[in-house]
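In what follows, a structure is listed as structure tokens, so that the remarks can point back to it.
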Amino acid sequence: MSAQFPLPGLPPVAPPDGGGERDRGEPGRGRRRGPTREQLLDGLNGPQAQAVQHEGAPLLVVAGAGSGKTRVLTRRIAWLISERGAHPGSILAITFTNKAAAEMRERVEDLVGGRARIMWVSTFHSACVRILRKEIDKFGFKSSFTIYDAADSKRLMTLVCKDLDLDVKKFPPRSILNWVSNAKNELQDHEDAAKDAQNGQEEMYAAAYGEYQRRLRQANALDFDDLLMMTVHLFRAFPAVRENWRRRFRHVLVDEYQDTNHAQYALIHELCARQLEEPTTGVPQDEVEPAELMVVGDADQSIYAFRGANIRNIMDFEQDFADARTILLEQNYRSTQTILTAANAVISRNESRKPKQLWTDAGQGPGIVGYVGDDEHDEARFVAEEIDRLTDEGGVRAGDVAVFYRTNAQSRVFEEVFIRVGLSYKVVGGVRFYERREVRDAVAYLRVLANPADSVSLRRVLNTPKRGIGDRAEACVESLARRDRITFWEALQRAEDAPGIATRSLNSIKGFVDTIEQLQQMVEAGERVDVVLEQVLTRSGYLKELEDSEDPQDETRVENLAELVAVAREFSDDPVVGPSADPAEVEAGEAEPPGLTDFLERVSLVADSDQIPDAPADGEEGDQPPSPGQVTLMTLHTAKGLEFPTVFLTGLEDGVFPHLRSLGDKVELEEERRLAYVGLTRARERLYVSRAVVRSAWGAPQHNPASRFIDELPVDLVDWRRTEAAMSSWNRPQLGFGSSSRGGGAVQRRFGTATARKDAATKAKAARAVPSLDPGDRVQHDSFGLGTVVALEGAGDNAVASIDFGADGVKRLLLRYAPVEKL
DNA sequence: CCGGGCGAGATTTTT
DNA sequence: TCTCGCCCGG
């Protein structure tokens, strides 16, 4: 299966099905003169038209799923430009992904023409990078700073932990990083965090935060959260800078406002709120009128609280921005009434929610189809079989179908089955292209060339491929850097001064430094990125090592690197500027041509959803016959903002979806329910819900009860093809692939692994009654020994106990399987 | 310095 | 079940 890796951020993308936006074919494309008022308002309903034309006060558009919010956003931008004379360069539109940004820009261009190119349409992160590239020297960073992604951050934090001699068991880098991320989202720098530390643990975390920041600065690098926090801090520390940007952006539009975190909210506030008081500086307040603000969102689709998103932002919009107005979009243009009724029923179980009912005049449509599989393989087989049937009977292309699941790990079974039956598919997310080892290695080389201070990347490639520079030599150089207060790179350049370094290592280091310096010269000379990359791969010996390798895996690694070179080539060929370039400057011919930094940025800021396959393009791919496309597999989170004619919502089991870790917590459970709502409302016509009675996780089979979300669907809407009761008999029919799904005809019995597994699970279940425990109880565990129950979550089959086993630490155990005995 | 062997932990969700 | 990091012998 050859995966496709589209160059992130490049414009020409259409959503899998047209995205519900029905603007294609409307007037505007290629016109010299802008569209007329009537054309811009054509086909809009009352509230939509109102939102497009709204003038003045901050506006919140509460847009239910499928209510045409993208349409409102694009039409409004076009309206601002052609009816209200707004300069395109004065417009800032924030979207959730690069792909959404590219799409929006394209649609606006369709309406008002090429001058729309100079608008800022980007994610929060990309917009911040653009601002910081211009301003960050004020904080002592160089504008060529590197952006560290989650993996880089983790690596750095691991180094910090070693440095501070932290017990990794007690302070896992992962947890510290989470804590740091939360602090940054709340705009707390490490000093604030240290001040607020409540206990020893938090003090430790704050200390790690401080050291981590120090290292980032030394490496001239920022992590994801820094991009937002630094921009806000910049505006607060330099009011004149902020005024400049406030003057520039006269119109700010924010999509998916329900998923903004505090830092993002603060950023919008800095740009758009009236500055009522400015106690700290002498800058006259409100020198310019604040920008006109429109935010669009739906509290019911807020699914990123775990990442710091604050639902409060949208709930309290009217309090946060003076004179704010709200427009409600409840008419749905996407789904059948059946699907909407189901979604409404589920989401209405959430308390503390403003009432909202989606409706459509599209008619009832087909009923929802339900299926209960013996196990996850059976469930996947049903899905494959059903897709096969739908495509055979016509009307449905594979590209119209999406399969959703809660966690990435669940994709595997579907892949296995789909491969077996020859169903073409594409997994979005999961192990991403840019996270593969060889790609990260290559990117690390490029980063070093762009920013030699980036010691995380530098140390990554120092001995990759193996060139005889081991831990020992690295430590010597490190201590030299520390002693002379120079960067790791500078220390490498004069490694002969490092005390105790072996001559052998020294020679290797000299060779390495030479290579890097030569490559740097290529970059300085303005060589194309793809050429630089090719040279990196050959001169470093990286490619040779892979090519000489016996490991068949290394063959695909070489292919992936070739793919990366191709991406770089496409990038260099394309006149479209990198995210850090200011379109207005490009227009004015003032910008540098896109270089290495732009390329690296594009690589860092890609999202999963940026890789969603395009709709089968009509005649675009050379002279291939129109392909039926591929089934799309993705997590529910990635599915946000998309829509498909046919949707399979799988793994609907308590403990899977809703996720086990949310079962005991009402707030988290409500977020899971919103996730279910997102999933349900992605479907246009056909919706399937399915679950497996037994599912293997961690190798061991789990018997999961039906998801509570299934019980929340109105019973009369779901047509169950198969239920749990149907297979309680020993003579239960199995649906062979390709056989009729209405049983009775070809009934096959299977004695395969799945059945055996189920029997084993059933036995295990019968053998062990769930012990009833209370906090404080003493228990005996087969391998951990004596322990004390600390806490209990969930009930019945899903009861989970946190048990303190002393030296072994606190374990979370699923009581149904854990070999614990109450004493 | 390197490679193999072994044990522990991982699974929420991602810009 | 798989991957990553650590330890030890060459």
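Chain letters run A, B, ... following the sequence lines, proteins first, then strands; residues in each count from 1. Keep in mind it's a predicted model, so treat the numbers as computed, not measured.
- Put simply, CZ on A:Phe96 is 15 Å from P on B:dT13, counting in whole angstrom units.
- A:Asn185 has no side-chain polar atom (N or O) that falls below the 4.0 Å cut-off from OP1 or OP2 of B:dT15.
- In this structure, CG of A:Leu660 is placed 14 Å from C1' of B:dA10, rounded to the nearest angstrom.
- If A:His659 and A:His125 are placed on DNA chain B by their nearest nucleotide, the residue sitting closer to the 5' end is A:His659.
- A:Asp225 pairs by the salt bridge (charged side-chain N to carboxylate O under 4.0 Å, His left out) definition with nothing, not counting sequence neighbours.
- Closest-nucleotide positions on DNA chain B for A:Arg472 and A:Leu228 were compared, and the one nearer the 5' end corresponds to A:Arg472.
- Residue A:Glu256 is classed as having no contact, given no heavy-atom separation below 4.0 Å to the nucleic acid.
- Applying the 5.5 angstrom centroid cut-off and the 30 degree plane-angle cut-off, the aromatic ring of A:Phe306 is stacked upon the base of B:dT13.
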From CA spacing to verdict: side chain to side chain contact (heavy atoms under 4.5 Å, CB included), A:Asn350, A:Tyr677: CA-CA 11 Å; A:Asn350 273 3; A:Tyr677 177 74; over 6 Å; no
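- Separating the CD atom of A:Glu672 from the P atom of B:dT13 is a distance of 11 Å, rounded to the nearest angstrom.
- Taking atom NE2 on A:His637 and atom C1' on B:dT11, their separation rounds to 13 Å, with Å as the unit.
- When heavy atoms are screened at a 4.0 angstrom cut-off, A:Asp225 is found touching no nucleic acid atom at all.
- Whole-Å rounding puts the A:Gln410 CD to B:dT11 C1' distance at 10 Å.
- Atom name C1', nucleotides C:dC4 and B:dT13: the rounded distance is 22 Å, in whole Å.
- Here the nucleotide nearest the side chain of A:Asn408, chosen from B:dC2, B:dT14, B:dC1, is B:dT14.
- Proximity note for A:Ala409 (side chain, C-beta onward) versus B:dT14, B:dT11, B:dT15: the nearest is B:dT11.
- When the ring-ring contact (aromatic ring centres under 6.0 Å, His included) test is applied to A:Tyr257, the partners found at least two apart in sequence or on another chain are A:Phe317.
- For B:dT14, the OP1/OP2 oxygens have a side-chain nitrogen or oxygen of A:Thr638 closer than 4.0 Å.
- Rounded to whole angstrom, the span from the CZ atom of A:Phe657 across to the P atom of B:dT13 amounts to 13 Å.
- Distance alone, capped at 3.5 Å, is enough to place a donor-acceptor pair between the A:Arg682 side chain and the A:Leu642 backbone.
- Counting non-hydrogen atoms under 4.0 angstrom, A:Asp149 reaches nothing in the nucleic acid.
- Side chain of A:Ser505, nearest nucleotide from B:dT11, B:dT15, B:dC1: B:dC1.
- The base of B:dT13 sits within donor-acceptor range of the side chain of A:Arg406, with an N or O pair under 3.5 Å.
- Within the cation-pi definition used here (under 6.0 Å to the ring centroid, within 45° of the axis), A:Arg447 does not qualify as a partner of A:Tyr148.
- Listed nucleotides: B:dC2, B:dT14, B:dC1. Nearest to the side chain of A:Tyr304: B:dT14.
- Looking at the side chain of A:Phe224, the nearest of the listed nucleotides B:dT15, B:dT14, B:dC2 is B:dT15.
- Geometrically, A:Arg307 engages A:Tyr304 in a cation-pi contact defined by less than 6.0 Å to the ring centre and at most 45° from the axis.
- Classification of A:Arg459 and A:Glu474 as a salt-bridged pair holds, one side-chain N sitting under 4.0 Å from a carboxylate O.
- Atom-to-atom, OH of A:Tyr405 to P of B:dT13 comes out at 10 Å; the value is rounded to the nearest Å.
- Aromatic ring pairs are classed by plane angle as parallel below 30°, tilted from 30° to 60° and perpendicular above 60°; the pair A:Tyr405 and A:Phe414 is parallel.
- At the heavy-atom level, A:Ala473 lies under 4.0 Å from the strands shown only through sugar-phosphate atoms.
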Expected rows: protein N/O vs nucleotides 2-8 of chain C N/O, under 3.5 Å:
none

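- Relative to the six-membered ring of A:Phe141, A:Arg133 misses at least one condition, a distance below 6.0 Å or an angle of at most 45° to the axis.
- Rounded to whole Å, atom P of B:dT15 lies 13 Å from atom NZ of A:Lys99.
- Checking the phosphate oxygens (OP1, OP2) of B:dT15, no side-chain nitrogen or oxygen of A:Thr97 falls inside 4.0 Å.
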